[in-house]
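In what follows, a single structure is set out as structure tokens and then discussed.
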2 protein chains.
Amino acid sequence: MATLDDIAKMAGVSPTTVSRVINNYGSLSEKTKTKVFAAMKELNYQPNSLARSLKGKKTQLIGIILPGVSNPFFGQMVQEIEDQLFKKGFRIILCNAGNDANKERAYLRMLMANRVDGIIAGAHNLNIEEYQKVGLPIISFDRYLSETIPIVSSDNYHGGQLAAQSLLAAGSKNLQIITGANRPNSPTNNRLVGFKEVLDQQSLDFKLLEIPFSSSPNIKGLKIRELLLKKTIDGIFCTDDLTALLVMQQARELGIRIPEDLKLIGYDGTDFIQNYHPELTTIKQPIVDIVTMMIDLLLRRIDDSECELESTYTLPVKLITGVTTI
Amino acid sequence: MATLDDIAKMAGVSPTTVSRVINNYGSLSEKTKTKVFAAMKELNYQPNSLARSLKGKKTQLIGIILPGVSNPFFGQMVQEIEDQLFKKGFRIILCNAGNDANKERAYLRMLMANRVDGIIAGAHNLNIEEYQKVGLPIISFDRYLSETIPIVSSDNYHGGQLAAQSLLAAGSKNLQIITGANRPNSPTNNRLVGFKEVLDQQSLDFKLLEIPFSSSPNIKGLKIRELLLKKTIDGIFCTDDLTALLVMQQARELGIRIPEDLKLIGYDGTDFIQNYHPELTTIKQPIVDIVTMMIDLLLRRIDDSECELESTYTLPVKLITGVTTI
DNA sequence: TTTGTTTTGTTAAACGTTTGACAATTTAAA
DNA sequence: TTTAAATTGTCAAACGTTTAACAAAACAAA
């Protein structure tokens, strides 16, 4: 692969001049510039970013740590992150951490070794100290990591409230919430809190079913079927849309009609759900805004590691009404 | 961030010795090793991969160029690629090229600049020459790129055959295929070829609807509705599952019953579809095998850039029977 | 012609590592 | 004790770039 020296020789100028052209500094005549550009094109030259970064330039690399990308929500989020960062001249190293703390730890070390400019973290199997000693700009999605790491999330609390209100407005009396296992330090727990608060105000009770995030859809489906067979509930809030799809599936099989016998509302409202399951009422997280905010904050931290940021940024959710709560 | 010299000082040894510990070469006593490891731990040291790579070591980075990751098929594929590569000590730079040739071109340059060890390419907006002059190990998914770049794909031809056979076996007489716009150099066109071949053998005719990949689901839905309103067809093969979902949606709205009035079969068979839409009959691409094969080939090329590889690797598809073709 | 300005070149150090050559020290075996 | 082997150290060059300091040309204007 061609180096800066090769270009210099071919263009008949000094290496310094080539570097000046690349970095556009010092005074240069049009003639040399074109000569150098021609040589660069001729040899299909790309400045070695390893060498540039080593010499102090930024790597223009951002690490993205998320549970995974096969889930439509994180898929869309990664796509949006990639899209926005690309326009700003950054590339991303994708780190699917799953539920695996060791993997997340390994990735953190790798990102340090690769001298990424910053990290967006949304998978949180690690405890706080491990994130604190990374010493890189970090922004967190939906999870409390440390004093100095800002959290961006949707308004989970209000989302929970909206869900409860919608089900009640649709006439449900016996409510059920199906949620992932309660995690420490996660603002997503507020979906439950907001939901509960609305019901408490009306002195209403509700049932709670926790299914670990890591459960397979089959297992989840089975637990849901068990639930539906009791036939005591007439309104369900699932704290993610995919689980809501499973409820629809099981209800269909059991001959339970939605919305006649059972009202249903989900959470996330990805493009995927809106396009392919517009029938589902859901709480839409503003993915674009969330990403815009995370990137804005991250770039500020990268520019100035001392800059003061809020500890939490909460973005509004939106109720998308489908036919499952009519 | 701590450097090798810092470690040397702290451990009271020479920089060379530290490097010897890191790279495990030369002869070393247990005592020094533990001293050095202790210092590395103490300072949370990570060897600067930029410097290492500059000195000739591999970057352990692989570029993944795909249309995008919000589509469940590519989402699952990326997840699988990431998973397998992580276990082999590689990280991935994710490049969503969409339908944008300029973006793909820019990414190709960036990957060269970053000195990635290799590339897996599955988005193909560029012509062959641009890929040829990259000069890095490349493996292609489902697209012809150049003489020297191996293609891995599922058996699209047989998939098309299976689809036709299933619809016929289910009793359909008036068949329709809905596919993305025909692309040059794409083995996926063989889905249509295989489909056609089965019908030709039985002297049967069929209708063809092409909808560009880039169309929004709403547009696609509209075109499908138009099609269904004619009510002349009783069997549809969609060359991707998401389009099949749209058919189901429109059919439901129009009161067309599946499978009573209309048989339906899709293509891809992602985990997502199998978990959340098991009712849909589909042709399953062996994503895991495809990825395993691509990575195997890529690593061989990385190890030995001269190694001889086949130009095409075709992996078998599988019919997943749901209730839409009963 | 002289003067000043613009452009280009030369040289060298630096980024953090790897690696080879060679010397010095420690340890173990004879 | 001598000898050999194992361990560690010193030194320096290299990877491909950036950047500063300074010198040398080329060019234009007075």
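The figures here come from the full heavy-atom set of this structure, side chains too, leaving out hydrogens, waters and symmetry mates. Fair warning: this is a prediction, and the values are worked out from it, not measured in the lab. Order of the sequence lines fixes the chain letters, A, B, ..., with proteins taken first and strands second; residue numbering starts at 1 for each chain.
In this structure the side chain of B:Ser154 reaches within 4.5 angstrom of the side chain of B:Asn156, judged on heavy atoms.
Applying the 3.5 Å distance criterion, the base of D:dT17 shares no donor-acceptor pair with the side chain of A:Thr3. Judged by atom type and distance alone, B:Arg115 does not reach the base of D:dG16 through any side-chain donor-acceptor pair under 3.5 Å.
At the heavy-atom level, A:Ser29 lies under 4.0 Å from the strands shown only through sugar-phosphate atoms. In this structure, B:Ser14 reaches the bases: a heavy-atom distance under 4.0 Å links it to at least one base atom across the strands shown. Across all strands, A:Ser27 comes closer than 4.0 Å to base atoms (heavy-atom distances).
Remark: side-chain polar atoms of B:Ser49 are paired, donor with acceptor, to backbone N or O of A:Asn114 under 3.5 angstrom. When atom types are taken as modelled, the side chain of A:Asn125 and the backbone of A:Glu104 share no donor-acceptor pair closer than 3.5 angstrom.
With distances taken from any side-chain atom of B:Tyr25 to the nucleotides C:dG20, C:dT8, D:dT19, the minimum falls on C:dG20.
Atom CD in B:Glu30 sits about 15 Å away from atom P in D:dA6, given to the nearest Å. Going from atom CG of B:Leu28 over to atom P of C:dT25 covers 19 Å, rounded to whole Å. Atom NZ of A:Lys58 is separated from atom P of C:dC15 by 16 Å (rounded to the nearest Å). Rounded to whole Å, the distance from CZ on B:Arg20 to P on D:dT7 is 11 Å. One interatomic measurement links the two molecules: NZ of A:Lys33 to C1' of C:dT8, which rounds to 14 Å at whole-angstrom precision. Atom CG in B:Asp5 sits about 7 Å away from atom P in C:dT17, given to the nearest Å. For the pair B:Leu43 CG and C:dG16 P, the computed distance is 14 Å after rounding to whole Å. Nucleotide D:dG9 holds its P atom 12 Å from the CG atom of B:Leu4, rounded to whole Å.
At a non-hydrogen distance threshold of 4.0 Å, B:Leu54, B:Lys55 from residues 45-57 of chain B come into contact with DNA chain D.
Neither OP1 nor OP2 of D:dT8 sits under 4.0 Å from any side-chain N or O of B:Thr17. For the OP1/OP2 pair of D:dT17 and a distance below 4.0 Å, the side-chain nitrogens and oxygens of A:Ser19 include no atom meeting the criterion.
Counting only N and O atoms by type, the side chains of B:Gln84 and B:Glu80 include a donor and acceptor under 3.5 Å apart.
Salt bridge absent: A:Arg300 and A:Asp304 never bring a charged side-chain N and a carboxylate O closer than 4.0 Å. Salt bridge A:Lys9/A:Asp5: absent, no basic N to carboxylate O contact under 4.0 Å.
Comparing A:Ala2 and A:Lys31 by the nucleotide of DNA chain D that holds the closest heavy atom to each, the one mapping nearer the 5' end is A:Ala2.
Note: A:Tyr107 and B:Phe86 have tilted aromatic rings, judged against thresholds of 30 and 60 degrees for the angle between ring planes.
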